[in-house]
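The structure appears below as structure tokens.
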Amino acid sequence: METASTTRRLTGRRALASTAAIAAATLALTACAGGSFSQEGEGAPTEERAFRLGIIAPTTGVASLEGNSLVAGAKLGVEAVNAAGGILGMDIEVVIVDDKSDAATSTQVAQQLVRQDEVDFMLGTIAGDTSVAAGSVAAEAGVPFSTVVNGTVEFCSPHFWPFGASELMMVQDLVPLMIEEYGPRVGLVGNDYIFPHTYHAVATEVILAAGGEVVAEEYSPLGTADWQPVIGKLETANPDWILNAVVGGDAVAFMNQASQFGLLDGRGVTGTASQQEFAPALGEILEGRNTVLQYSDQIPGAANEAFVKAYRAANGGTDSISAIAATSYEAVRFIAAAVNAAGSYDADAISAQMSQIRLDGVLGDLGFRGDNHYVQSNMVLVQIDEGGVYTALEILDVIDDATPRACA
Amino acid sequence: MEPLVLFLLSVFSAFGFYALLAWGLGLIFGQLGVVNVAHGDMAMIGAFIMFAFPEVPFVLRLLIAIVAGLLLGVIIERLLLSGLYRHGMLATLLAMWGAAIVMRQSMEAVFGPTPRTVAPVVTGTVEVLGVNYPTYRLVSAAVSLLIVAVLIVVMYRTSLGLRLRASIDNRSMAAGFGIPTGAMITGTFAVGTALAVLAGALQSPMLGVTPQVGLSFLAPTFFAVLLGRPGSLGGPIFGAFVVAVLDIGLRTILPETVAGVLFFIALIVLIALQPQGPNWRFTAWKPLQRRAA
């Protein structure tokens, strides 16, 4: 999918990115002193105890892969912030709880964080229903809360700041590129829960705007082991390419079976199954294919290289680093910068800064819209190369998602 | 024509998998009265065995899975179940529920939650009446059905099978004839477990192998067993066929989630209509019973 023009843009952007990254590393080191961000109302520090960060993640259960990535990234973020002076001159205190990706458990542990541990900020959750559960507890208690997974959470509040890319950010640049390369006929497939439906609804709008058409749309319950009826329906519809929103083990099963049936021969495929966590299992099936992600460990720049080095040292392994890990890392740094800028742990003061500061780091130019609290960050066009290497082809422009959402 | 051929091939593929799984469960549940809620997780163990030794030839890995399944079955039956039979079905159900959790957590501890994949022993497709169908699916289904057929022959045509059926039918009388009933019960459970492990091993190239993958197999397999006559050895095979036809048929013509709901409704209705399973005998003429004057 790389063209001469994108190559030139990448070259130019590569130089800019390197420079920006070096600056970001410097910014990160000075962020805690509050000297490198554009913000207003920086006050003198008023707190005498350490800032308490509560992390809710499914470290066991069906989403434990994502949950452990979240924790790994967040821990590195805490280390980076503490190494640079902490928050208001003190090291962050962290409390980590396991919600097992169950909404009832999320409510319970969030209440524990609020009432027993008296955290100043909550970060985490993976599944949408757990985000709503934890977010509701946080909102009621007036504690700021952030998520790090992609996809719009059916929830918002004055102190809710989701770092994950919205559906529009995931598809706005990807869909036109796929239509240009493979054709206008698109097949949509996903698991049957909120995120895939939302993802495909947004994608459908973008597909139609780009001159494409949706020729098939299939949703199968989580835990589907045999995808042959769905594959048969897709084969009958004969799309030029397939956009999938299948997750977890189902993603591997679908892609393997689609490949075995020959559905992917000569067709494009992209979507959630192209994410880093599936590359070790899907191997050759993903090679040469493209997708748009919020993060790739191959993005050039000092900030990302430092993060990758620290992540490998702490967690080992050679597989591609997931976007969840990078997002949670950056989220901790951003939150720290916001609190330092606010000068206190007051939720209103923190939230006022969350919508004002910008952080240039592993997610590019990171910030938030003040009205709907959608994150603003660079997405990355990647190509999946041999060995599961997610080569960054192009750093895409920041997408400003103005979709209305009531957060006041 | 092609849609019909694809449907039939898909049913054959699903039938092979469910037949192997259901026959093993039929041994454990139908013959021993143990509600084995860990049956799907036993299949999961088989899938992970196939993943864990990629350098070992595929067929040899299947043999390893069978041996591992037999050992697992012996361990569970001797250490967990043997002392619980006298406490009734609920006790054995709870024990197997605990065993299921242990299996899932153990696999997660060893392999982690990342979905895994297993390369099939044969790749590519074969053309059947104009339809290109994955070769491995057909081979896997054929092997599964062959194994079930061999086991049925063993059960009904060998002295071992006779002793086993006798032990299950009347344990005390069988013991009186010198049949080691304890060993027979343990062997039955071990064989049932090995069949589940083997089913998962054969299915592994089509799965995203995770510690939770076995959960989706449990309900259809239990329904397959319940569709047959209680205690019948052929019943689970009939049930597996019905499950395969319903599953593939409904999902071919309806949206997936709707098909899933109707699938279980249909199975419940079938079981409710024929709780004793299908009666294969032709209606026999019976003389009218005259009431005594």
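Numbers restart at 1 for each chain; the letters A, B, ... are given by sequence-line order, proteins then strands. Everything numeric here is computed off the predicted structure, so don't read it as measured data. Only heavy atoms go into these numbers, but all of them, side chains included; no hydrogens, no water, no symmetry mates.
- By the 6.0 Å contact criterion, NZ on A:Lys75 is open, its count of non-hydrogen atoms from other residues, nucleotides or ligands being 12 or less.
- To the nearest 0.5 Å, the span separating CG on B:Leu215 from CG on A:Leu222 amounts to 12.0 Å.
- Once rounded to the nearest 0.5 Å, the distance linking CZ of B:Arg137 with CD of A:Gln257 reads 4.5 Å.
- Across all non-hydrogen atoms, the minimal contact from A:Val252 to B:Leu207 is CG1-O, 4.2 Å.
- Applying a 4.5 Å heavy-atom cutoff, none of the residues of residues 66-73 of chain A approach chain B.
- Under a cut-off of 6.0 angstrom, the local environment of CZ in B:Phe241 is sparse, with at most 12 non-hydrogen atoms contributed by other residues, nucleotides or ligands.
- Note that CG of A:Asp319 and OG1 of B:Thr114 are 7.5 Å apart. Values are rounded to the nearest 0.5 Å.
- For a residue to count as touching a neighbouring chain, one of its non-hydrogen atoms must lie under 4.5 Å from one of that chain's; by this rule B:Phe217 touches chain A with the side chain only.
- Counting heavy-atom neighbours within 6.0 Å of B:Leu151 CG, excluding the residue itself, gives a total above 12.
- A:Gln228 contributes atom CD, which lies 7.5 Å from atom CG of B:Leu6 (distance to the nearest 0.5 angstrom).
- With a 4.5 Å cut-off on non-hydrogen atoms, A:Ser259 does not touch chain B at all.
- When the shell of 6.0 Å around CD of A:Glu386 is examined, it contains 12 or fewer heavy atoms from other residues, nucleotides or ligands.
- Of the atoms belonging to A:Phe278, it is side-chain heavy atoms, and not backbone ones, that fall under 4.5 Å from chain B.
- The two residues A:Ala281 and B:Pro115 come nearest to each other via the heavy atoms CB-O, 3.2 Å.
- Of the N and O atoms on the side chains of A:Thr224 and B:Glu256, not one donor lies less than 3.5 Å from an acceptor on the other residue.
- Per-residue counts of heavy-atom pairs under 4.5 Å with chain A were compared for B:Pro134, B:Ser216, B:Gly260; the largest is that of B:Pro134.
- Contacts of B:Arg116 with chain A are made by backbone atoms alone, with heavy-atom separations under 4.5 Å and no side-chain atom involved.
- One distance of note links CG of A:Asp265 with OG1 of B:Thr125; it measures 8.5 Å at 0.5 Å rounding.
- A:Ser64 approaches B:Pro113 most closely through the heavy-atom pair OG-CB, 2.9 Å.
- Against chain B, the residues from residues 234-250 of chain A that qualify, each with a non-hydrogen atom under 4.5 angstrom away, are A:Gly248, A:Gly249 in number order.
- Note that OG1 of B:Thr123 and CD of A:Gln260 are 9.5 Å apart. Values are rounded to the nearest 0.5 Å.
- Of the atoms belonging to B:Leu254, it is backbone heavy atoms, and not side-chain ones, that fall under 4.5 Å from chain A.
- Of the listed residues B:Gly112, B:Pro3, B:Ala259, B:Pro205, the one with more heavy-atom pairs under 4.5 angstrom with chain A than any other is B:Pro205.
- A 6.0 Å sphere centred on CZ of B:Phe264 holds more than 12 heavy atoms belonging to other residues, nucleotides or ligands.
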**Message:** Evaluate A:Asp226 against B:Ile248 for side-chain contact (heavy atoms from CB on, under 4.5 Å), listing each step before the verdict.
**Reply:** CA-CA 9 Å; A:Asp226 187 4; B:Ile248 301 298; 4.1 Å; yes

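- Using a 4.5 Å cut-off between heavy atoms, A:Phe261 touches chain B through backbone and side chain atoms alike.
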